[in-house]
Participant: 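Got a structure for you, questions after.
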Amino acid sequence: MMMEEPRMVFMCLLILATFQQVVVSDEHQPLSKVAIHNIISELDQNAYVKANPNVLGLKGQNTEWVTLQYYNPKPTMDDWIGVFSPANFSASTCPAENQFTSPPLFCSSAPIKYQYANFSSPNYKKSGKGYLKLQLINQRSDFSFALFTGGLTNPKLVTVSNKVSFSNPNAPVYPRLAQGKTWDEMTVTWTSGYGINEAEAFVEWGPKGGKFIQSPAGTLTFDRNTMCGAPARTVGWRDPGFIHTGFLKELWPNKVYIYKLGHKLFNGTIIWSEQYQFKSPPFPGQNSVQRVVIFGDMGKAEADGSNEYNNFQPGSLNTTKQIIQDLNDIDIVFHIGDLCYANGYLSQWDQFTAQIEPIASAVPYMTASGNHERDWPGSGSFYGSMDSGGECGVLAQSMYSIDYGMFRFCIAHTELDWRKGTEQYEFIEKCLSTVDRQKQPWLIFLAHRVLGYSSAGFYAAEGSFEEPMGREDLQVLWQKYKVDIAFYGHVHNYERTCPIYQNICTNKEKNNYIGNLNGTIHVVVGGGGASLAEFAPINTKWSIFKDHDFGFVKLTAFDHSNLLFEYKKSSDGQVYDSFKISRDYRDILACNASDRFNINSQLEHLQAKYVGTGHADLNRFEWAVNIQRDSYASYIGHYPLLAYFAIAENESIGRERYTFMQKMLLPCGLPPEREED
């Protein structure tokens, strides 16, 4: 009894430490630290902020650096610079969140970024003078820079700079490619300041060196009232502009296409974007090298170092950088949830799309929905948390399947119910069951939350190694349809399991798999950029490789029989974990060794022992069941046969005996109805 008490204390401390880690690793949006409703005006005529240059993007660029020089006669270590857009940030009306609250005295939306005044000026506290370089992107409005004292929690406005703007704030920017509903369709989505009452949006595109055509694009937007709650409806709100989507159809496989975005104003003037290019997807089942990058929870970060709070998303820029450097050897990207962590501060979506533009404008950038895009109480999400900051899936929500060459990808939506009997469960089964493994031998399942296996500390604290009710229903589908690999985000680290089914490794190999896996390999790849999550201090038999670092996975299918898996760190792009799968697609379609042996045994029964025999009331189904059970019973009773199957399937004899007993005892499906005489 004395030994049990320290053990219980240790477990309580472990759970408490794990809980504390969760709070740190999933910290709130940095802009939420700015108490915008507490701003008061303490303008000082002697203070100033000067921004240079006044006009940005004169050469057509959508990203540019601005230099700030500022002075505060009464400097403190808590002084900070806020970047506001629109520039006249205190002029708009600030509505109350509901009838029980009043709007603030000083009305403003949150800044789009901030930085402390002494960031690059160590003598600021003594001299009151500072110097700062900030990076701005084109976000459909002008900018101003405000100097505050009093820190983030009690901000006092000291002075405001001159206005700065891009030469054309409404220009089409940040195209994002995605594969369409069919393999030969590509969609391109972008943002601009032109609505349908001002211009006609279109895409001009065509094969490299060929004839170009123009395809019209749809235009959508949304307003503050479509958001579910604060801060998205209040201080986090910023006009999203207009979102346009064009459809490029009937593409030839593996061909380079050129495209650019256009807006035809009603006076006949055309506003163009810069020119981009992409390579069209391969034909379904095409036997060629195909390369896929997968990661989750990347977020966005600022190249100028602004908006950093508690090391919020330190790996984001490195992950982006490494993928850009390897872009010539990447065909498609999957970002499986928790995209930018805007959490209701809508300006951050522009920042995110600008950060990924070099990737998303060149290869399909496919996404999945995470808790930070969807979850909000009473909005229909499976979880009742407030992680989306009131966005509740308006900006990003998805559940779909695509075929890309030799791959079939099934992308689930973990913020909606996935359990048996739900619409999503039916979707997942349809996606897995309808794949033609002769054309798409590599079957991949993707989701944000961990529906499979993870050694994360917060899961262990809950008494599981998965999302509650995660795999209980789905593992039957993964096993039945022989899913090769399942990927998850949500947990901010990297972990790979053995091929597994019902908590038991089905293959002892770790790096070079030959033939059927007999289970599914589960991979957590949530180290895209957001601050890292700790592993539980428990070593499970199914966990093969863990890494508490930022990184992403690259899959390379060389042909229908060979797949290479590589985990790369974002810090250097080097491979730290890998494995290969080598098999013929027939291995997926065929039975395993024991099943084939059983079929041969049944044929012998049919040809010899049971020919012309049987009870008059015994139908053919019951007859076949008896044959099957008799065959498996004979295997269990013969040690040499068990040893043969153990060698053939790389399993232990005990495991083979258990498997045969299961097959012997379980019914072979529903019996057919008796034939009427």
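Numbers here are sequence positions counted from 1.
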Participant: Go through the structure and list residues passing side chain to side chain donor-acceptor pair (under 3.5 Å) with R291, not counting sequence neighbours.
Facilitator: D329, D331
Participant: Mind listing the closest non-hydrogen atom pair of W376 and A230 along with its distance?
Facilitator: CH2-O, 3.3 Å
Participant: What's the separation between atom NZ in K321 and atom OG in S570, rounded to the nearest 0.5 Å?
Facilitator: 11.5 Å
Participant: Counting C-beta onward and ignoring hydrogens, is there a side-chain heavy-atom pair between E64 and N138 closer than 4.5 Å?
Facilitator: no
Participant: On the six-membered ring of F352, is K300 placed so that its NZ or CZ lies under 6.0 angstrom from the centre and within 45° of the ring axis?
Facilitator: no
Participant: Can you find a pair of side-chain heavy atoms, one from V188 and one from W205, that are under 4.5 Å apart?
Facilitator: no
Participant: Any side-chain heavy atom of Y259 within less than 4.5 Å of one from L261?
Facilitator: yes
Participant: Keeping S215 on the side-chain end and V203 on the backbone end, is there a donor-acceptor pair under 3.5 Å?
Facilitator: no
Participant: Among side-chain atoms of E357 and Y276, is any donor-acceptor pair under 3.5 angstrom?
Facilitator: yes
Participant: I'd like to know if the side chain of S161 pairs up with that of S144 as donor and acceptor (distance under 3.5 Å, no hydrogens or angles considered).
Facilitator: no
Participant: Can you tell me if S369 and E415 form a side-chain donor-acceptor pair at under 3.5 Å?
Facilitator: no
Participant: Can you list everything that forms a side-chain contact (heavy atoms from CB on, under 4.5 Å) with A201? Sequence neighbours excluded, please.
Facilitator: W190, A217, T219, H244, H263
Participant: So do L446 and M366 actually touch side chain to side chain, heavy atoms under 4.5 Å?
Facilitator: no
Participant: For the residue pair D338 and H490, confirm or rule out a side-chain donor-acceptor distance under 3.5 Å.
Facilitator: no
Participant: Once you round to the nearest 0.5 Å, how far does NZ of K113 lie from CZ of F145?
Facilitator: 8.5 Å
Participant: Look only at the side chain of Q29 and the backbone of Y341, and say whether a donor-acceptor pair between them is shorter than 3.5 Å.
Facilitator: yes
Participant: With a cut-off of 6.0 Å (strictly less than), are more than 12 heavy atoms of other residues, nucleotides or ligands near CG of N328?
Facilitator: no
Participant: Would you indicate whether the side-chain heavy atoms of N307 and Q351 approach each other to under 4.5 Å?
Facilitator: no
Participant: For K156, look at atom NZ and say whether over 12 heavy atoms of other residues, nucleotides or ligands are found less than 6.0 Å away.
Facilitator: yes
Participant: Do you know which two heavy atoms are closest between F84 and P111, and how far apart they sit?
Facilitator: CE2-N, 3.7 Å
Participant: List, one per line, each side-chain donor-acceptor pair under 3.5 Å for residues 265-272, sequence neighbours excluded.
Facilitator:
| unit_1 | atom_1 | unit_2 | atom_2 | d |
| --- | --- | --- | --- | --- |
| N267 | OD1 | T269 | N | 2.9 |
| N267 | OD1 | T269 | OG1 | 3.1 |

Participant: Answer yes or no: is there a side-chain heavy-atom contact under 4.5 Å between Q139 and S347?
Facilitator: yes
Participant: Just distance, no hydrogens or angles: give the donor-acceptor pairs under 3.5 Å from side chains in residues 69-82, sequence neighbours left out.
Facilitator:
| unit_1 | atom_1 | unit_2 | atom_2 | d |
| --- | --- | --- | --- | --- |
| Y70 | OH | A117 | O | 2.5 |
| N72 | OD1 | K74 | N | 3.1 |
| N72 | ND2 | K74 | O | 3.3 |
| N72 | ND2 | D79 | OD2 | 2.9 |
| T76 | OG1 | D78 | N | 3.3 |
| T76 | OG1 | D79 | OD1 | 2.6 |
| T76 | OG1 | T149 | OG1 | 3.4 |
| D79 | OD1 | T149 | OG1 | 2.7 |
| D79 | OD2 | T76 | N | 3.1 |
| D79 | OD2 | Y124 | OH | 2.7 |
| W80 | NE1 | G151 | O | 2.8 |

Participant: Pair up each side-chain donor or acceptor in residues 43-52 with any protein partner under 3.5 Å, not counting sequence neighbours, and list the distances.
Facilitator:
| unit_1 | atom_1 | unit_2 | atom_2 | d |
| --- | --- | --- | --- | --- |
| D44 | OD1 | N46 | N | 2.9 |

Participant: Just so I know, are the side chains of N38 and P155 near enough to count as touching, which here means a heavy-atom distance under 4.5 Å?
Facilitator: yes
Participant: Is a donor on one side and an acceptor on the other found under 3.5 Å between the side chain of Q348 and the backbone of C340?
Facilitator: no
Participant: Quick check for you: to the nearest 0.5 Å, what is the distance between Y494 atom OH and K568 atom NZ?
Facilitator: 13.0 Å
Participant: Does L147 offer a backbone N or O that forms a donor-acceptor pair with the side chain of T159 under 3.5 Å?
Facilitator: no
Participant: Hey, does Y345 have a side-chain heavy atom less than 4.5 Å from the side chain of P30?
Facilitator: no
Participant: Under a 3.5 Å threshold, yes or no: a donor from one side chain and an acceptor from the other, between T245 and R176?
Facilitator: no
Participant: Under the salt bridge (Lys or Arg N to Asp or Glu O under 4.0 Å) rule, what pairs show up with a residue in residues 160-175, not counting sequence neighbours?
Facilitator: none
Participant: Under the side chain to side chain donor-acceptor pair (under 3.5 Å) test against R140, which residue among N170, D239, D350 passes?
Facilitator: D350
Participant: Say whether Y567 and D547, considering side chains only, have a donor N or O and an acceptor N or O under 3.5 Å apart.
Facilitator: yes
Participant: Quick one: does any side-chain atom of D375 pair with a main-chain N or O of G384 as donor and acceptor, under 3.5 Å?
Facilitator: no
Participant: Looking at Y488 versus H448, is the centre-to-centre ring distance below 6.0 Å?
Facilitator: no
Participant: Could you pull out the closest heavy-atom pair between D304 and F119, with the gap in Å?
Facilitator: O-CE2, 3.8 Å
Participant: Within the side chain of S316, is there an N or O that forms a donor-acceptor pair under 3.5 Å with the backbone of G299?
Facilitator: yes
